[in-house]
Amino acid sequence: MSKQVIVYTTNDCIECTMVKKVLTEEGIPFDTRNVSTNPVYQKEVEEYGFLGVPVTVVGNRAVKGFTNELKELMELAKKE
C-alpha cells in the first residue's frame, strides 16, 4: 500500500467515525485532518469541491461520505 489516505473529519461526526472504523478494519492506514481545529484543512476540503465532511482522499481522488465510491477508493488504496 503506497497511496496516502487522508480523512477530513470534525468532532462528533458519526459518518466520519464510520469511515475511520472501516479503514481501520481493512488495515488501511490513514491520516486524519480535523477541519474544526485547522482552517487550512477546511480550505483543502473546498479545493476538492466539497463543503462538508467526511471527505476521504486517495491519491488525486476524493469522495464525500460513507458511500459505494468509498469502497472503490479503499480498493485503490490497497493496490500498489
Engineer: Any chance CG of Asp31 has more than 12 other-residue heavy atoms, nucleotides or ligands included, within less than 6.0 Å?
Structural biologist: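 Atom CG in Asp31 is crowded, with more than 12 foreign heavy atoms closer than 6.0 Å.
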Engineer: Could you tell me whether Lys21 and Glu25 make a salt bridge, using a distance below 4.0 angstrom between a side-chain N and a carboxylate O?
Structural biologist: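 Yes, charged N to carboxylate O under 4.0 Å.
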Engineer: Looking only at atom types and distance, does a side-chain atom of Gln42 sit under 3.5 Å from a main-chain N or O of Leu51, one as donor and one as acceptor?
Structural biologist: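 Checked: pair present.
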Engineer: Group every Ile, Leu, Val, Met, Phe, Trp and Tyr by side-chain heavy-atom contacts under 4.5 Å, then state whether Val40 and Val35 land in the same group.
Structural biologist: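 The answer is no; the residues belong to distinct hydrophobic clusters.
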Engineer: What's the spacing between Tyr8 OH and Phe50 CZ if we round to 0.5 Å?
Structural biologist: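 It comes to 11.5 Å.
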Engineer: Say you draw a straight line from OG1 of Thr32 to CG of Leu23; how long is it, rounded to the nearest 0.5 Å?
Structural biologist: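 That separation rounds to 9.0 Å.
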Engineer: Can you find a heavy atom in the side chain of Phe66 that is under 4.5 Å from one in the side chain of Val22?
Structural biologist: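 The answer is yes; the side chains approach within 4.5 Å.
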Engineer: Output the distance between atom CG (Asn11) and atom CG (Asn34), rounded to the nearest 0.5 Å.
Structural biologist: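 Those atoms lie 4.5 Å apart.
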Engineer: Determine, stepwise, if the pair Phe30 / Thr24 fulfils side chain to side chain contact (heavy atoms under 4.5 Å, CB included).
Structural biologist: CA-CA 8 Å; Phe30 59 92; Thr24 301; 3.5 Å; yes
Engineer: Between the main-chain N or O of Cys13 and the side-chain N or O of Thr17, is there a donor-acceptor pair closer than 3.5 Å?
Structural biologist: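 Checked: pair present.
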Engineer: Enter the distance from Leu70:CG to Met74:CE here, rounded to the nearest 0.5 Å.
Structural biologist: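 Rounded to the nearest 0.5 Å, the CG-CE separation comes to 6.0 Å.
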Engineer: Got a second to check how far Glu26's CD is from Lys71's NZ, nearest 0.5 Å?
Structural biologist: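 Interatomic distance, Glu26 CD to Lys71 NZ, rounded to 0.5 Å: 10.0 Å.
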Engineer: If I take atom OG1 from residue Thr9 and atom OH from residue Tyr41, how far apart are they, to the nearest 0.5 angstrom?
Structural biologist: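 Rounded to the nearest 0.5 Å, the OG1-OH separation comes out at 12.0 Å.
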Engineer: Salt-bridged, Lys78 to Glu75, with N to O below 4.0 Å?
Structural biologist: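 Judged by the 4.0 Å cut-off on N to carboxylate O distance, Lys78 and Glu75 do form a salt bridge.
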Engineer: If the threshold is 4.0 Å, N to carboxylate O, is there a salt bridge linking Lys64 and Glu69?
Structural biologist: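 No, no charged N to carboxylate O under 4.0 Å.
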